[in-house]
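Taking it in order: structure first as structure tokens, then the write-up.
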Amino acid sequence: ADSWIINFFASSHGGAVTVLTYAKQFFNAPVGLGQAAGIASLPFLASLFTKKDMAAFGSTVNVAVSRILAFSLLLSAFMIAMGFPLLDFIIRGGAFHRADSRTMAVYFSIFSISLCLWAAQAIYARAFYAAGNTVLPMIASTLVTVASIPVYWALYHAYGPIGLPVASDIGILFQTLTLALLLHRKRMVSIAGLEYAELARSLAAGAVAFATLIGLRYLMPGHTRLSELALLVLATLLWIAVSTAVLKATGSQLPNELLRRFRKSPA
């Protein structure tokens, strides 16, 4: 519904609907990582709920949410810092100019702030599905969507098209908090069980990586496609190196966890 609402309001502003649609589509690619994690966790969560092992059920959900939140914070740092050269490299051409890429990158960056929320709510929703309860999250999501429409309207009329991705972020924030609080109230998944220290480490690593990539963009503006490609490759390597260094320096287990999962994945 988020995309439908955005398109409805943006259609009255010449050209905005196209740029917003492209920005949203590119943002949906990493969002799919969270959706995939939620789907993959469903059978295991269902087995724990069937066994009435609620302690393990809640702990598994919290670990999964904490891990996807932590990684999403790091990925958001890259997406926000390198959104413009990435989108310009992929899309610019024909009637789509560099100025259009810059506008799209602003929308894309605002969407990217909520990446961790889109990923987390997918896992929270699967926790309900694993318990055989699909009605409650559906009702909650519907109510959140209806309540969010005035937010889209108000921000669009106050700030124009740029208010729509902001409204989208606010909507998914309420959606995620609603599902988390419902699971907490039903004593299925305790909010206190999230790994807040790990999330703080990822936030710090993301902030340092973001600052590093912004500095790199200042040194390498990247006006041609070849220079943008070189910038993106170097930025990716720097993002990995800086994020890993900060995480390890702060005692995070995320790099080892990601490395273990990579080694276990099929070739």
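Values below: all heavy atoms of this structure, side chains included; hydrogens, waters and symmetry mates excluded. Please read these numbers as outputs of a predicted model, since none were measured by experiment.
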In terms of hydrophobic clusters joined by side-chain contacts under 4.5 Å, are [X] and [Y] together?
{"X": "Y152", "Y": "L143", "result": "no"}
{"X": "Y159", "Y": "F9", "result": "yes"}
{"X": "F57", "Y": "I68", "result": "yes"}
{"X": "V233", "Y": "L238", "result": "yes"}
{"X": "M138", "Y": "Y124", "result": "no"}

Step-by-step side-chain contact (heavy atoms from CB on, under 4.5 Å) determination, W118 to T176
CA-CA 8 Å; W118 284 96; T176 306; over 6 Å; no

If the threshold is 4.0 Å, N to carboxylate O, is there a salt bridge linking K24 and D2?
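A salt bridge is present here (some side-chain N lies under 4.0 Å from a carboxylate O).
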
Going from [atom1] on [X] to [atom2] on [Y], what distance comes out if it is rounded to the nearest 0.5 angstrom?
{"X": "S114", "Y": "Q121", "atom1": "OG", "atom2": "CD", "result": "10.0 Å"}
{"X": "T212", "Y": "L216", "atom1": "OG1", "atom2": "CG", "result": "9.0 Å"}
{"X": "R67", "Y": "I123", "atom1": "CZ", "atom2": "CD1", "result": "11.5 Å"}
{"X": "F210", "Y": "S243", "atom1": "CZ", "atom2": "OG", "result": "12.5 Å"}
{"X": "L173", "Y": "S168", "atom1": "CG", "atom2": "OG", "result": "11.0 Å"}
{"X": "T103", "Y": "L20", "atom1": "OG1", "atom2": "CG", "result": "10.0 Å"}

Taking side chain to side chain contact (heavy atoms under 4.5 Å, CB included) as the criterion, tell me which of I80, V166, I6 meets it with F111.
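Only one option passes, and that is I6.
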
Just wondering, do [Y] and [X] contact through their side chains at under 4.5 Å, heavy atoms?
{"X": "L177", "Y": "L117", "result": "no"}
{"X": "V106", "Y": "I110", "result": "yes"}
{"X": "L164", "Y": "L155", "result": "no"}
{"X": "S202", "Y": "L247", "result": "yes"}
{"X": "M79", "Y": "S109", "result": "no"}

Return yes if some donor-acceptor pair links the side-chain N/O of [X] with the main-chain N/O of [Y] below 3.5 Å, else return no.
{"X": "T250", "Y": "V246", "answer": "yes"}
{"X": "T134", "Y": "Y129", "answer": "no"}
{"X": "H184", "Y": "I191", "answer": "yes"}
{"X": "S66", "Y": "E195", "answer": "yes"}
{"X": "S252", "Y": "K248", "answer": "no"}
{"X": "N62", "Y": "S190", "answer": "yes"}
{"X": "T244", "Y": "A241", "answer": "no"}

Taking CZ in F26 as the centre, count heavy atoms belonging to other residues, nucleotides or ligands within less than 6.0 Å. Is the count above 12?
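Result for CZ/F26: enclosed.
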
Is it the case that atom OH in Y196 sees more than 12 heavy atoms from other parts of the structure closer than 6.0 Å?
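Check passes, neighbour count above 12.
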
Check [X] against [Y] and note the closest heavy-atom contact, atom names and distance.
{"X": "L182", "Y": "A140", "result": "CD1-CB, 3.8 Å"}
{"X": "Y107", "Y": "I162", "result": "CE2-CA, 3.8 Å"}
{"X": "A205", "Y": "L74", "result": "CB-CD2, 3.7 Å"}
{"X": "S148", "Y": "G171", "result": "OG-CA, 3.8 Å"}
{"X": "G58", "Y": "V189", "result": "O-CG1, 4.0 Å"}
{"X": "Q175", "Y": "V144", "result": "N-CG1, 3.9 Å"}

Using the side-chain contact (heavy atoms from CB on, under 4.5 Å) rule, take L203 and L199 through it: C-alpha gap first, then chi angles, then the decisive distance, then the call.
CA-CA 6 Å; L203 184 61; L199 295 178; over 6 Å; no

Before giving the answer on side-chain contact (heavy atoms from CB on, under 4.5 Å), spell out for L231 and M82 the whole-Å C-alpha distance, their side-chain angles and the decisive distance to 0.1 Å.
CA-CA 9 Å; L231 171 62; M82 304 307 297; 3.6 Å; yes

If the test is ring pair (Phe, Tyr, Trp, His ring centres under 6.0 Å), which one of F71, F108, W239 qualifies with F78?
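Exactly one candidate clears the test, W239.
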
Donor on one side chain, acceptor on other, T21 and N7, under 3.5 Å:
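Per modelled atom types, T21 and N7 side chains form a pair under 3.5 Å.
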
Given side-chain contact (heavy atoms from CB on, under 4.5 Å), test R102 with L87 step by step and report yes or no.
CA-CA 8 Å; R102 196 174 298 279; L87 296 176; over 6 Å; no

